[in-house]
Amino acid sequence: MKKQAVVIAGAGSTHTPGIIQSLLQKKNEFPLRKLVMYDIDSKRVHLVYDIMKQFIYQECPELEVIVTTDKEKAYTDIDFVFAQIRQGGLSMRSADEKIPLRYGVVGQETCGPGGSISYGIRSITGVIELIKDVRRYSPKCWILNYSNPAAVVAEATRREFNNERILNICDMPTAILLSFTKMLGLKNWQELDPCYFGLNHFGWFTELYDKEGVDRLPELREMILEKGMAVSDKHHQDPDWNKTWKQYVDIVKDYPEFLPNSYLQYYLYSKEMAKHMDQNWTRADMVINGREKEMFAEHTKYLENPESYESPIQDFTVFGDFIVDAASSIAYNKGERFLVIVENNGAIPNLPADAMVEVPAYIRSWGPEPISRPAISTFYKGLIENQVASEKLAVDAYYENSYEKALQAIAINKTVPSTTVAKQILDALIEANGDFWPELN
Ligand SMILES: NC(=O)c1ccc[n+]([C@@H]2O[C@H](COP(=O)([O-])OP(=O)(O)OC[C@H]3O[C@@H](n4cnc5c(N)ncnc54)[C@H](O)[C@@H]3O)[C@@H](O)[C@H]2O)c1
Ligand SMILES: O=P(O)(O)OC[C@H]1O[C@H](O[C@H]2[C@H](O)[C@@H](O)[C@@H](O)O[C@@H]2CO)[C@H](O)[C@@H](O)[C@@H]1O
Ligand SMILES: [Mn+2]
């Protein structure tokens, strides 16, 4: 079995311990010859390395590990890049969330004018630069990209690189599947084969087949309506995520036909969601004071006693397991089936061919082979076409340096009530993004 050289780009992320855990727990299915931890922030990446090195050397004493901020060193002689960069850091996430809220519009990662359009235009620059750097040093390498907003980033990488050896992914459907399997008393999320259609953070499960070929969705729908949703991994025990799981039940009550991606709450109830958000304390503040603080506290523990320190290992890490399983399916041509973001090309027959959709695909060494779905009905088609338009207009704004396209992207978005509000938000976002955005004329 060929051994793989993997770079984690953005390895100073709070999610990196989870990826390293999965990589090493799956070392028989996806053997490693080299692990590179690359980041633009030396302090952060070394901090994560300190926390994880005990586990790394316990599991794989012979593994070559490189911790670096040097692109050439990082990207030379590698097979896979797992990208999870955050252009502008959490302080810009905070601005993305707070600015729309000042005008009564939802402020959340990947959603609306801040999380989708502002973050999207900012993120495209970072992700494209990353891919060009990778191609310079390892042209044949596969890039699995988690960097958000995945829908907008995927549209940009489609236009720029035709998504050659690039796979844009999101772990949210997998996290939801993990909740479903827990509710059904199944052992892991791979025990359900989902049928699903939509966009990233904007889709629906239509059937959920178990290994006997029985569709368990009707049973799950009843369980959700009666008992609520189960929490998936440790990450989702967070009080703020718990609100999402409560709200999930309301979505299912109002729209029982299919089981939704939880992110639909921000679009289907956008006014109420915005009303209940605190513009002085958004999700970015919760992450800075929660997950990030915990990571820094772990490092303090490490510094107090490096010799006896043990890396923190979780029960599950959806984020890590999903990306490693997808990479393994590419590396060894396993043809395993995952929900991924691909160019539509008829997978959902009554949506545009060039929309970036999230659907099941068999993951081969030459790339994803999406399955085709039946045509979708009016409600879903209307919602999706509106959201695709907003995402595409954001990418147009980036490539055409166009204020008008950025305004259209915001004004058409379902979370935004009027053009006046759209303009106010756009002007504030231009100011907040400064050099992170291309100049818009
Ligand atoms: N697709 C998904 O489902 C999914 C799930 C979780 C997180 N994410 C995304 O993953 C990214 C990381 O999220 P996080 O919460 O862990 O953020 P984080 O701020 O904790 O970590 C991001 C890291 O990326 C580094 N970085 C920024 N720009 C870089 C660049 N150009 N090259 C290399 N490193 C760079 C930062 O220094 C930081 O260490 C975000 O884009 C987030 O939205 C996506
Ligand atoms: O607000 P955050 O930073 O807690 O979460 C925003 C991200 O949420 C989803 O990803 C989760 C995932 O569902 C969970 O299982 C775990 O692995 O952590 C992930 C990151 O929080 C969503 O899919 C991402 O796109 C969001 O960035
Ligand atoms: Mn996601």
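Both counts, for ligands and for their atoms, begin at 1 and track the order of listing.
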What do you reckon, is [atom1] of [X] surrounded by more than 12 foreign heavy atoms closer than 6.0 Å?
{"X": "Gln314", "atom1": "CD", "result": "yes"}
{"X": "Lys140", "atom1": "NZ", "result": "no"}
{"X": "Asp70", "atom1": "CG", "result": "yes"}

Taking only heavy atoms of [X] into account, list the atoms of ligand 1 that are under 4.0 Å away from them.
{"X": "Cys170", "value": "1 (N), 2 (C), 3 (O)"}
{"X": "Glu109", "value": "42 (C), 43 (O)"}
{"X": "Ser147", "value": "41 (O)"}
{"X": "Phe319", "value": "4 (C), 5 (C), 6 (C), 7 (C)"}
{"X": "Arg291", "value": "15 (O)"}
{"X": "Asp41", "value": "37 (O)"}
{"X": "Thr14", "value": "16 (O), 20 (O)"}
{"X": "Asp171", "value": "3 (O), 5 (C)"}

Nearest-neighbour protein heavy atom for [atom], which is reported as residue plus atom name and distance:
{"atom": "atom 26 (N) of ligand 1", "answer": "Ile40 CG1, 3.8 Å"}
{"atom": "atom 8 (N) of ligand 1", "answer": "Asn148 ND2, 3.5 Å"}
{"atom": "atom 32 (N) of ligand 1", "answer": "Ile85 CG2, 3.6 Å"}
{"atom": "atom 1 (N) of ligand 1", "answer": "Tyr146 O, 2.9 Å"}
{"atom": "atom 27 (O) of ligand 2", "answer": "Glu109 OE2, 2.7 Å"}
{"atom": "atom 21 (O) of ligand 2", "answer": "His235 NE2, 2.7 Å"}
{"atom": "atom 15 (O) of ligand 2", "answer": "His236 CE1, 3.1 Å"}

At a 4.0 Å threshold, what atoms of ligand 2 neighbour a non-hydrogen atom of [X]?
{"X": "Cys170", "answer": "23 (O)"}
{"X": "Phe319", "answer": "17 (O)"}
{"X": "Arg93", "answer": "1 (O), 2 (P), 3 (O)"}
{"X": "Val287", "answer": "3 (O)"}
{"X": "Ala175", "answer": "13 (O), 15 (O)"}
{"X": "His15", "answer": "18 (O), 19 (C), 20 (C), 21 (O)"}

Report task. Report the residue from Arg283, Lys246, Arg291 that forms a salt bridge (Lys or Arg N to Asp or Glu O under 4.0 Å) with Asp240. Result ->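 The salt bridge (Lys or Arg N to Asp or Glu O under 4.0 Å) with Asp240 is passed solely by Arg283 among Arg283, Lys246, Arg291.
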
Query raised in the report: By atom name, which N, O or S atom of His201 is the nearest to the Mn ion (ligand 3)?
Result: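 Answer by atom name: NE2.
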
Whether [X] lies under 4.0 Å from ligand 2, heavy atom:
{"X": "Trp241", "result": "yes"}
{"X": "Gln84", "result": "no"}
{"X": "His201", "result": "yes"}

Query raised in the report: Which class fits the ring pair Tyr146 and Phe319: parallel under 30°, tilted 30 to 60°, perpendicular over 60°?
Result: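 Parallel, since the angle between the ring planes stays under 30°.
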
Measure from [atom] to every heavy atom in [options] and give the option owning the shortest one.
{"atom": "atom 26 (C) of ligand 2", "options": "Tyr119, Tyr146, Tyr263", "result": "Tyr263"}
{"atom": "atom 25 (O) of ligand 2", "options": "Asn148, Leu178, Thr244, Thr14", "result": "Asn148"}
{"atom": "atom 1 (O) of ligand 2", "options": "Glu97, Arg283, Met172", "result": "Arg283"}
{"atom": "atom 20 (O) of ligand 1", "options": "His15, Glu129, Arg44, Met295", "result": "Arg44"}
{"atom": "atom 40 (C) of ligand 1", "options": "Tyr263, Tyr119, Tyr38, Phe322", "result": "Tyr119"}

Just wondering, do [Y] and [X] contact through their side chains at under 4.5 Å, heavy atoms?
{"X": "Tyr75", "Y": "Tyr38", "value": "yes"}
{"X": "Tyr269", "Y": "His276", "value": "no"}
{"X": "Val134", "Y": "Ile143", "value": "yes"}
{"X": "Glu257", "Y": "Phe379", "value": "no"}
{"X": "Asp210", "Y": "Leu192", "value": "yes"}
{"X": "Ser262", "Y": "Met172", "value": "yes"}

Report task. Start with the C-alpha gap between Val357 and Phe197, add the side-chain angles, then the distance that decides, and say whether side-chain contact (heavy atoms from CB on, under 4.5 Å) holds. Result -> CA-CA 7 Å; Val357 295; Phe197 71 86; over 6 Å; no

Requested in this report: Begin from the C-alpha positions of Met52 and Thr16 and carry the test side-chain contact (heavy atoms from CB on, under 4.5 Å) through to its verdict.
Outcome: CA-CA 9 Å; Met52 292 311 289; Thr16 300; over 6 Å; no

**Report entry** Asp171 side chain vs Thr174 backbone, donor-acceptor pair below 3.5 Å
**Finding:**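 Side chain of Asp171 to backbone of Thr174: no pair is present.
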
Query raised in the report: Short question: side chain of Asp96, backbone of Gly115 - any donor-acceptor pair under 3.5 Å?
Result: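 It does not hold such a pair.
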
Query raised in the report: Do any nitrogen or oxygen atoms of Asp171 come within less than 3.5 Å of a nitrogen or oxygen of ligand 2?
Result: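 Checking ligand 2 against Asp171, an N or O pair does fall under 3.5 Å apart.
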
Query raised in the report: Looking at ligand 2, does any of its N/O atoms fall within less than 3.5 Å of an N/O of Arg86?
Result: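 No: no nitrogen or oxygen of Arg86 is under 3.5 Å from one in ligand 2.
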
Requested in this report: Determine, for Glu385 against Lys392, whether the closest basic-nitrogen to carboxylate-oxygen distance falls under 4.0 angstrom.
Outcome: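 Lys392 and Glu385: not salt-bridged.
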
Report task. Show the numbers, then the answer: is there a salt bridge (Lys or Arg N to Asp or Glu O under 4.0 Å) between Asp79 and Arg165? Result -> CA-CA 11 Å; Asp79 304 300; Arg165 289 190 301 281; over 6 Å; no

Query raised in the report: Applying a 4.0 Å heavy-atom criterion (strictly less than), which segment of Ile169 is in contact with ligand 1: side chain, backbone, both, or neither?
Result: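 Answer for Ile169: backbone.
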
**Report entry** Structural part of Arg86 in contact with ligand 1, heavy atom criterion under 4.0 angstrom
**Finding:**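 The answer is both, backbone and side chain.
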
Report task. Start with the C-alpha gap between Glu160 and Lys132, add the side-chain angles, then the distance that decides, and say whether salt bridge (Lys or Arg N to Asp or Glu O under 4.0 Å) holds. Result -> CA-CA 10 Å; Glu160 189 83 30; Lys132 286 185 175 164; 3.5 Å; yes

Query raised in the report: Does any N or O atom in His201 lie less than 3.5 angstrom from one in ligand 1, N or O only?
Result: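 His201 vs ligand 1: no N/O contact under 3.5 Å.
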
Query raised in the report: Does the pair Glu298 and Lys301 meet the rule for a salt bridge (Lys or Arg N to Asp or Glu O under 4.0 Å), with working shown?
Result: CA-CA 5 Å; Glu298 263 314 310; Lys301 250 167 75 186; 3.4 Å; yes

